[in-house]
Amino acid sequence: MRTKLDTYDVVVVGGGIAGALAACASSRRGARTLLVERYGYLGGALTSCGVGPMMTFHCGREQIIRGLPGELIGRLEAKGLSPGHIADSTGYTYSVTPFDAEGMKQELEIMVLEAKGELLYGALVCAVEASDGTVTSLSVATKGGILEVRGSMYVDATGDADIASRANLPCVEPGELQPATMNFKMTGVDIGAIKSFVLANPGDFTDLKGRTELLGEAKRLSVCGFLGAVREAHAEGSFGVRRDDILFFETNTPGEVIVNTSRIPVRDPLDPEDLTRLAVEGRRQVREISAFLVERIPGFAASRLLASASDIGIRNSRQIDGLHTLNADDILSSARMGDAIAHSAYPIDIHSASGGGTDSRFLPDGCYYDIPYRALLARGSRNLIAAGRCISASFQAQAAVRVSPTAGATGQAAGVAAAIAAGSKKPVADIDIKALRAALREQGAWLADR
C-alpha cells in the first residue's frame, strides 16, 4: 500500500454536507479534488447523527439557498427520496426539508463521483504539517497505516476546525456550549392521531401561535409541544430529561419520525472521554424518551424504536478565528457584506444547557443575513478555507449558521474558492471576490446584488 498519495489541487477534510458539497463544487471547477472522510459514507450529521429535516432554505416564500444544496434536494425529490421543501408545521421557521437518510448517503456520493472527485473513506487526519499559514501535508490514519496527503489548497469541513487548529492557525475554543443530542427514529406512528390532538389542544403547541392551518399544508408533520404531558411527567418525577417539550419530525417515510428531544450538557466536545459519556447518556435518554412517547403521547401507542443515531450530535465546538467574525448584530440587523458568498434566514437558536427551554431570536419576517467569505478564512491562512459549523462566528451567530442548508452553502463557496485559488496560485485571502461570486452563480447559487 502506498504511504504517500498524489498531490491534489484541493483536499477537503470531512464528508458532511459542507465537505461533500465543497468537494463537488471544487471538482466541477476542474480542480483535482480529494475528499477525506472518517466514516465509509457521506452526509455527516445528516446521516450519522440522525439529524433531519434540513431547515431552512427559505426566506419567506423565496428560496435563498440554491446552488448545490438546492440541486441535492431536487435530485432526491426526483427519486422519491424527499418530498422537497415543505411548510414547517412546528411554526418555528419558514420551511423544512425531510429526506431519506440512505438516499442522502447515496446521492452525495454520486454527486462527488460524477464531478470526478476522489474519495478516501475510513481515514482520520491525525497530524498536519504547516508553516507560516501554509498547510503542506496531512497525516491520515487508515486501516492500512498512515498515509501522507498533499494538496495545493485545503478545506476544513471537520466541524471542529481540526485542520486549522493542527496547522497552528488561530482558533477559538467555545466559552459556552449548547447541549448535545442523541436523535432517534420511531416507526409506526399514527400521524392522524397527532394532528387531531394538536388541533384540539393548540395551547400545548406555542410555536404554532394558533396557525393550525400549517398542519394541512405540510406533506410531512413537524411537531414541537405536548407541553402539558411533559409538565405533568416532570411534576411526577417520571421524566428526567431537561426539556420542556417534545420535538419530532416526520421523515420521507410516512409514519416514521426523528425525535430530537434528548439534552445532555457537554463538558468538552473534543475530549474522547466526554464524547463517550455523551453517547452512553444519549442512549439512556433515548430509552427514557421512547418509553414516554409510547406511554403518554397520542399517536405513539403502537410505535416502536427503530434506531438511535450512530453518533452523538454536537451543536458547537472549536471554530476558526476569522478575518470577520459573524456576530448577533450581523444576523439580526441583516447586515450586508460586499464579499457575501451565501445568505440565510435561520434564526439564532440556542438550546439551553441548564434548563428545558430554547433561546430563539428571530429576524423580522422576510429578512435574511449575509455570510461573508472572510468568515471562512482563519487569520493568517494562505491555503486553508473553513466550511460548515466551524466558520468564524460568535456563540450567538454560530447558533444561527450551524444548520445544514447554510453549512452546505458555505461548503459550496469554500470548494469554489479553493479551486480558484489553486488555479491562480494565490493565497485564499487574495482571490478576486467578484470572480468567486460569479463562479458561485454559475453553479446555481443565489447571491443578492451588492
Task: Charged N-O contact under 4.0 Å between Asp271 and Arg277 - done: no

Task: More than 12 heavy atoms of other groups within 6.0 Å of Glu114 CD - done: yes

Task: Any donor-acceptor pair under 3.5 Å from Asn383 side chain to Val135 backbone - done: yes

Open item on the list: Are the side chains of Val11 and Leu138 in contact, using a 4.5 Å heavy-atom criterion?
Closed with: yes

- [ ] Report the C-alpha separation of Gln106 and Tyr41 in whole Å, then their side-chain angles, then the decisive distance to 0.1 Å, and conclude whether the side chain to side chain donor-acceptor pair (under 3.5 Å) test is met.
- [x] CA-CA 8 Å; Gln106 299 276 355; Tyr41 56 88; over 6 Å; no

Task: Chi angles and distances behind the side chain to side chain donor-acceptor pair (under 3.5 Å) call for Ser334, Tyr368 - done: CA-CA 6 Å; Ser334 301; Tyr368 61 87; over 6 Å; no

TODO: May I ask you to decide whether Glu442 forms a salt bridge with Arg29, counting only side-chain N to carboxylate O separations under 4.0 Å?
DONE: yes

Open item on the list: Taking side chain to side chain contact (heavy atoms under 4.5 Å, CB included) as the criterion, tell me which of Val12, Thr134, Leu384, Val36 meets it with Tyr154.
Closed with: Leu384

Open item on the list: Give me the atom names and distance for the closest heavy-atom approach of Ser95 to Thr56.
Closed with: OG-OG1, 2.8 Å

TODO: Taking only Lys NZ, Arg NE, NH1 and NH2, and the carboxylate oxygens of Asp or Glu, determine whether Arg28 and Glu71 approach each other closer than 4.0 Å.
DONE: yes

TODO: Give a yes or no answer on whether the side chain of Tyr373 reaches the backbone of Ala414 with a donor-acceptor pair at less than 3.5 Å.
DONE: no

Open item on the list: Looking at Thr136, is its backbone amide N or carbonyl O close enough to the side chain of Arg150 to form a donor-acceptor pair, meaning the two atoms are under 3.5 Å apart?
Closed with: yes

Task: Atom pair CD1 (Ile314) and CG (Leu275), whose distance is rounded to the nearest 0.5 Å - done: 5.5 Å

- [ ] Report yes or no: does Arg283 contribute a side-chain atom to a donor-acceptor pair with the main-chain N or O of Ser308 at less than 3.5 Å?
- [x] no

Task: Side-chain donor or acceptor of Ser26 paired with backbone N/O of Ala22 under 3.5 Å - done: no

- [ ] Take atom NZ of Lys209 as the centre, draw a 6.0 Å sphere, and report whether it contains more than 12 heavy atoms from other residues, nucleotides or ligands.
- [x] yes

Task: Within-4.5 Å side-chain heavy-atom neighbours: Cys126 and Ser139 - done: yes

- [ ] Please name the residue in the list Asp359, Ile348, Leu332 that meets the side chain to side chain contact (heavy atoms under 4.5 Å, CB included) test with Gln396.
- [x] Ile348

Open item on the list: Which heavy atom of Ser392 sits nearest to which heavy atom of Thr325, and what is that distance?
Closed with: OG-OG1, 2.8 Å

Task: salt_bridge(Glu250, Lys219) N-O dist < 4.0 Å - done: no

- [ ] Ignoring hydrogens and angles, tell me if any N or O in the side chain of Asp100 forms a donor-acceptor pair with the backbone of Glu102 under 3.5 Å.
- [x] yes

Task: Within 6.0 angstrom of Asp132 CG, more than 12 heavy atoms from elsewhere - done: no

- [ ] Give a yes or no on whether the backbone of Ala161 and the side-chain of Thr158 come within a donor-acceptor separation of less than 3.5 Å.
- [x] yes

Open item on the list: Please find the pair of heavy atoms, one from Gln319 and one from Arg389, that lie closest to each other, and give the distance.
Closed with: CG-O, 3.9 Å

TODO: Go through Asp339 and Arg374 one step at a time and tell me if the salt bridge (Lys or Arg N to Asp or Glu O under 4.0 Å) criterion holds.
DONE: CA-CA 7 Å; Asp339 60 340; Arg374 289 164 293 154; 2.8 Å; yes

Task: Side-chain heavy-atom pair Leu46, Met54 within 4.5 angstrom cut-off - done: yes

Task: Leu42 vs Tyr121 side-chain heavy atoms within contact, under 4.5 Å - done: yes

- [ ] Determine, for Asp245 against Arg243, whether the closest basic-nitrogen to carboxylate-oxygen distance falls under 4.0 angstrom.
- [x] yes

Open item on the list: Between Glu107 and Leu76 (side chain of the first, backbone of the second, donor and acceptor by atom type, cut-off under 3.5 Å), is there such a pair?
Closed with: no

Open item on the list: Check this for me, if you would: do Asp162 and Arg318 make a salt bridge, where the nitrogen-to-carboxylate-oxygen distance has to be below 4.0 angstrom?
Closed with: yes

- [ ] Mark yes or no for whether Asp274, through its side chain, and Asp268, through its backbone, hold a donor-acceptor pair below 3.5 Å.
- [x] yes

Task: Over all atoms of both residues, closest heavy-atom pair of Asn316 and Gln178 - done: OD1-N, 2.9 Å

Task: Side-chain (Ser262) to main-chain (Met182) donor-acceptor, under 3.5 angstrom - done: yes

